[in-house]
Amino acid sequence: MTATPAVQAAWADQTARAARIRHDPLPLAGLRYVAGADTSSRRGLHILHAAITVVRLPDLALVEVVTLTQPATWPYIPGLLSYREAPVLLAAFAQLKHRPDALIVDGHGLCHPRRFGLACHLGLALDLPAIGCAKRPFGATYAEPGPAPGDRAPLLLDEAPVGLALRTRRGSAPVFVSVGHRAALDDAAALVLACAGGYRLPAPTRLAHVEANAQRRAWAAEQAALGDAAVRPAPLAWPIEPGDDRWPNPTC
DNA sequence: GCGACAG
DNA sequence: ATCTTGTCGC
């Protein structure tokens with residue numbers, strides 16, 4: 001994907017929004033409900049299945065799940081994941097009965113070319129403390145952290161510290177934690193560790209991944225049962241032009 | 001042209 | 001992200 005007008009507009013949009021990110025300490029002591037966000041989709045199908053989970057601390061019990069299926073309006077473009085995934089994730093979040101104290105996103109926060117990854121985008125849109133916990137470093141470099149859970153090393157992007165490579169489980173690759181919005185990095189790491197529960201990925205996003213996949217399978221089965229009435233997968237119209245309602249806009 | 005590249 | 005078989009280890 002090249003620098004189409006919509007892509008350039010999105011870059012400018014991210015830079016403008018990044019200036020509004022705050023780095024508050026997370027009130028970890030009173031933290032009770034932590035949400036997780038993830039999506040699933042089938043290979044050539046531009047349909048997104050989102051899941052938002054709410055997990056209770058400190059026992060990591062799953063107390064609420066919302067899933068939602070919507071057509072994607074953007075392709076996946078490295079650095080512009082938000083424009084693809086944020087709309088359906090925000091719509092799903094709006095259906096939550098609980099108001100979580102914080103959100104963990106399957107993706108990056110400040111570890112991003114314009115310092116505005118999906119976790120920043122969602123946190124800012126929701127005005128909620130948000131952190132990114134990704135499975136791959138997205139171009140950032142790091143020294144291998146020690147083997148014990150809690151061991152960590154700085155994540156560097158363009159020579160700048162943007163997050164942590166954090167060991168959450170012995171014998172597993174580290175996860176890549178960066179601040180999204182209204183959170184400090186050490187608190188973000190502490191929260192991820194508090195949610196690890198013996199797994200590599202923190203419970204909120206790990207369970208959201210499971211739920212989003214279940215939603216994709218359920219949707220596929222439902223479509224199969226509908227036969228002729230099933231939605232025909234319209235190919236994603238791309239690129240888009242100015243004035244298109246998919247143009248980067250502050251509401252999503 | 002080649003390799004990188006969150007999900 | 002998804003596609004895919006077997007394989008290694010607790």
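Order of the sequence lines sets the chain letters (A, B, ...), proteins ahead of strands, with each chain counted from 1. Atom set for the values below is all heavy atoms of this structure, side chains included, hydrogens, waters and symmetry mates excluded. Keep in mind that what you see is a predicted model, and the values were worked out from it rather than measured.
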Please determine whether a side-chain nitrogen or oxygen atom of [X] lies at a distance below 4.0 Å from atom OP1 or OP2 of [N].
X      : N     : result
A:R216 : C:dT2 : yes
A:N213 : C:dT2 : yes
A:R43  : C:dC3 : no
A:K135 : B:dG7 : yes
A:S40  : C:dT2 : yes

Discussion item. Can you tell me if A:R42 has over 12 outside heavy atoms packed within less than 6.0 Å of its CZ?
Written reply: no
Worksheet item: Taking everything shown except A:R99 itself, do over 12 heavy atoms lie less than 6.0 Å from its CZ?
Response: yes
Distance check needed: [N] [atom2] versus [X] [atom1], whole Å only.
X      : N     : atom1 : atom2 : answer
A:I104 : B:dA6 : CD1   : P     : 20 Å
A:R136 : B:dA4 : CZ    : P     : 12 Å
A:Y83  : B:dA6 : OH    : C1'   : 15 Å
A:Q70  : B:dG7 : CD    : C1'   : 17 Å
A:F116 : B:dA6 : CZ    : C1'   : 15 Å
A:Y142 : B:dA6 : OH    : P     : 13 Å
A:H49  : B:dG7 : NE2   : P     : 18 Å
A:F138 : B:dG7 : CZ    : C1'   : 9 Å

Please classify the nucleic acid contact of [X] as base, sugar-phosphate, or nothing, using heavy-atom distances under 4.0 Å.
X     : result
A:G79 : base
A:L80 : base
A:H46 : nothing

Discussion item. By a 5.5 angstrom centroid cut-off and a 30 degree plane limit, is there stacking between A:Y76 and B:dG7?
Written reply: yes
Fill in: Among B:dG7, C:dT2, B:dC5, the one nearest A:L81 by side-chain distance
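Of B:dG7, C:dT2, B:dC5, B:dG7 is nearest to the side chain of A:L81.
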Worksheet item: In terms of the angle between their ring planes, are A:H112 and A:F138 parallel, tilted or perpendicular, with boundaries placed at 30° and 60°?
Response: perpendicular
Discussion item. Check this for me: does any side-chain nitrogen of one of A:D158 and A:R115 sit under 4.0 Å from a carboxylate oxygen of the other?
Written reply: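 Yes, A:D158 and A:R115 are salt-bridged.
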Worksheet item: So, are A:E64 and A:R56 salt-bridged, with charged N and O less than 4.0 Å apart?
Response: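 Looking at A:E64 and A:R56, the cut-off is not met.
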Discussion item. Using the C1' atom as the point on both nucleotides, what is the distance between C:dT2 and B:dC5, in whole Å?
Written reply: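 It works out to 16 Å between them.
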